[in-house]
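These numbers come from a predicted model, not from an experiment.
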Amino acid sequence: MKNNVNDFLKQLNKEQHDAVVHNDGPVMVIAGAGSGKTRVLTYRIAYLLSKGVDPFNILALTFTNKAAREMKDRVINLIGDGEARNVWMGTFHSVFAKILRIEGHLLGYPSNYTIYDSTDSKRLIRNIISDMNLDNKLYSRSFVANRISMAKSSLISTTDYANDPDIQSADESSQKPLIKDIYTSYQARLRRADAMDFDDLLFNTYMLFSGFPKALYSYQQKFKYILVDEYQDTNHAQYLIIKKLAANNEFICVVGDDAQSIYGFRGANISNILNFKSDYPDFSLFKLEQNYRSTKTIVNAANKVITYNKDQIKKTVWTDNHSGDLIGTIKAKSDNEEGRLVAESIFEKKMNKQLTNNMFTVLYRTNAQSRSIEEALRQKNIPYRIYGGLSFYSRKEIKDLLSYFRLVINQNDEDALLRIINVPPKGIGKTTIEKVVVAADLHGVNMWEIISNPLNFGVDINSGTQAKLRNFCIMIRSFIVENKTKDAFEIAVHIANSSGLLKSLRDEDTPEGVSRVENIEELLNGMKEFTEKAIEKSDGDLSIKKTLNEFMEDVALLTDADNDDDDKDKVSLMTIHASKGLEFPHVFIVGLEENLFPSIQSISTRSELEEERRLFYVALTRAMETVTLSHAETRYRWGNFTFTEPSRFLDEIDDSLIDRPKPVMFNTSQKSSPSISNLSNHGNFKKRNLKPLTISGVNSSADSSNTNNLQEGMSVEHANFGRGKVVAVEGNGPNKKATVFFDSVGNKNLLLRFAKLKIIS
DNA sequence: AATCGGAAGGTTTTT
DNA sequence: CCTTCCGATT
């Protein structure tokens, strides 16, 4: 043990301390923002271990991988690596996925079942809708997917769904009575593919524990001590699983804050907090109300905002910290200007107060808003990192390669099969695939069986096509054989090459192709790291190299935010949802406009509006020192710009805490200078050429616009003119100019300050 | 069977 | 605006 127990307990305040050492029965901790919630959880784990509890008996559940990793790190800090490693800490989904790998056979799943992410399951739903010849405008994929997901997370099976009169009449009145059949067929197809979607991980865990008392009992014995983070975000399925696991020992500790419940849209149910009382009548309640994170101004502003919500648990968050600055505001003419003003403000603060980039974050409601901010930061040469957005793992080329891996591990994975059977092109076209699909349905077998032996199933194809299918199967089988002896990295490289995937992308010879190859290389590098890290850890042991199977077990549950290379000094950009649990000295919340934040979909019902307000509350309480709220008067939406109204949330901040823009007198001549000149930039609206995304924003800033070292003879790329060669460089500092010869337009004289040149070589 | 172009549709939020 | 899907063309 690294520290003496009493030493680390001294670092807690009274309430935190009591919550940590309370050792008798169920515990609920209601923790205001910034009050040391994670601290209580980690210290509690450390405390249990110090009392001699076996780490193997502790289960700690979080919602994001990031939160899980942070918790693990902090526990390791407290008590050292050895014991902490054996505590089960992870997201609900990853922990349950692990359990299902072991116990899934009881439900008829092999241990190598595939996890479908939401893209995969939407593809499958799309296929089913078109197979059923339904109007795919009426039966929109996302609507159906949502409906099914809601059902599953409430543990409503396909039969329950079809037999529930309320559900049926709801579907009938929305003109979609056949959702029940789509749901049934969807589950059947997942089964046939030995696949589970995200909701199945919860649904099946519940089925396992309710249908197999022996299995339940053994996990109850294993997980004697259960801790749950962000309890307010649990959905019905998660709630019941925890309840079952805890039923024997009732040594359960849940931590949450009803004011930060922001996942209602995916079935999270605040009443789980309220029900805790009735589930565990002898529970102890602790309230953490002292905020250690933020200034008085921020705490008071957030408190005031949340009072506009009717439904909430009473608590008084307060702080001893200094008052700090007033909340700042930015009012911009357009979303582009908003980006510019935010970037300028970051730049100024940085200079005036000697701050670093990583002290800043820009938060927004929707991922799409990142673009104008990105552009502005890039122009100001401020490095940034985007969390979330289009996930690295959802890029086409990555999905394709991963699909090869998936098929090697599980040949029943039909989504993977369909994705790659003709990628790169192998002459297996639509007609053939259609025949295979039909035969699979007809015989009730998996598509892999059909293509392995088309003649057995009477599939009518010519010998040329037969040979092509045979070659495909032979290739996959050879990968399967190789996979038995190679580690994850070796087999991955082998597949990337032998499948022809890398070659076909290289042959494209386009900038997109190059960036796709880079992405694949990035994935392979990550796999190399994964493989080698495992070797390091197992020092002494006989070659415990990580296998492809092990890699693939994790990958479906990973998101971009999990690539933690953020030791760099960068401004963070993310959605408010993604920011939960994090803190930053200086926070910008952008796009505070009606219909955007609060979102247009949520302003019609009280509960949804209140969730938006909690979201705003979460955003405000991320900040330690300053908050700046910004909105734009016009914003691009679907190609043309629309006028917007300031968000109601702006008005809900107490006047004494915010620095509102002074109302401008009507004086046409004076008003002109900044605003009109900005509007005259109209042409800029059209030039929104998005740079190809680099992986998680790495090097998005530094080398793309750092033209300080530009030299004669270099190859460069310009957003509009394409590639060119530097003919001459002259001038210094801000007036540095270059003459560049572009293939498209010939010689151009460019002021480097403005032209965003990218150095190629 | 592959490729290209036009049309249509889509923005909440995440595991 | 951007991505994805479908059909027509080669």
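Here side-chain hydrogen bond (donor to acceptor under 3.5 Å, both in side chains) pairs that include residues 423-433 of chain A, with residues two or more places apart or in two chains, are A:Tyr404-A:Lys426. Within the structure, every pair that satisfies the salt bridge (charged side-chain N to carboxylate O under 4.0 Å, His left out) test and touches residues 230-241 of chain A, not counting sequence neighbours, is listed here: A:Lys37-A:Glu230, A:Glu230-A:Lys580, A:Asp233-A:Lys580.
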Hey, what are the protein-to-nucleotides 2-4 of chain B N/O distances that come in under 3.5 Å?
residue: B:dA2; atom: OP1; partner: A:Gly427; partner atom: N; Å: 2.8
residue: B:dA2; atom: OP2; partner: A:Asn422; partner atom: ND2; Å: 2.8

Filtered N/O pairs between nucleotides 4-10 of chain C and protein, under 3.5 Å:
residue: C:dC5; atom: OP1; partner: A:Arg126; partner atom: NH2; Å: 3.0

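Residues forming a side chain to side chain donor-acceptor pair (under 3.5 Å) with A:Arg406 (at least two apart in sequence, or on another chain): A:Asp120, A:Asp413, A:Asp415. Residues passing the salt bridge (charged side-chain N to carboxylate O under 4.0 Å, His left out) test with A:Asp554: none are found, sequence neighbours excluded. Every side chain to side chain contact (heavy atoms under 4.5 Å, CB included) that A:Gln466 has, sequence neighbours left out, goes to A:Leu455, A:Ile461, A:Arg470. Shown here are the salt bridge (charged side-chain N to carboxylate O under 4.0 Å, His left out) partners of A:Glu612, two or more places apart in sequence or in another chain: A:Arg365. Residues forming a side chain to side chain contact (heavy atoms under 4.5 Å, CB included) with A:Thr119 (at least two apart in sequence, or on another chain): A:Asp117, A:Lys399. Residues passing the side chain to side chain contact (heavy atoms under 4.5 Å, CB included) test with A:Leu190 are A:Tyr116, A:Leu124, A:Lys152, A:Tyr186, A:Gln187, A:Ala195, A:Asp197, A:Asp200, sequence neighbours excluded.
Between the side-chain ring of A:Phe265 and the base of B:dT13, a stacking contact exists by the 5.5 Å and 30° definition.
Among the nucleotides B:dT15, C:dC1, B:dT13, the one closest to any side-chain atom of A:Arg371 is C:dC1.
Comparing the same atom, C1', in B:dT11 and in C:dC6 gives a spacing of 23 Å after rounding to whole Å.
The stretch residues 194-203 of chain A touches DNA chain B through A:Phe198, each having a heavy atom under 4.0 angstrom from the strand.
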Show every donor-acceptor pair shorter than 3.5 Å between a side-chain atom in residues 597-609 of chain A and any protein atom, with sequence neighbours excluded, or say none if there are none.
residue: A:Ser599; atom: OG; partner: A:Gln601; partner atom: N; Å: 3.1
residue: A:Ser602; atom: OG; partner: A:Ser599; partner atom: O; Å: 2.9
residue: A:Thr605; atom: OG1; partner: A:Glu608; partner atom: N; Å: 3.3
residue: A:Thr605; atom: OG1; partner: A:Glu608; partner atom: OE1; Å: 3.0
residue: A:Arg606; atom: NE; partner: A:Glu610; partner atom: OE2; Å: 3.2
residue: A:Arg606; atom: NH2; partner: A:Glu610; partner atom: OE2; Å: 3.3

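Considering only side-chain N and O atoms, A:Thr431 lies under 4.0 angstrom from the phosphate OP1 or OP2 of B:dA1.
Using a 30° and 60° split on the angle between ring planes, A:Phe96 and A:Phe92 fall in the perpendicular class, above 60°.
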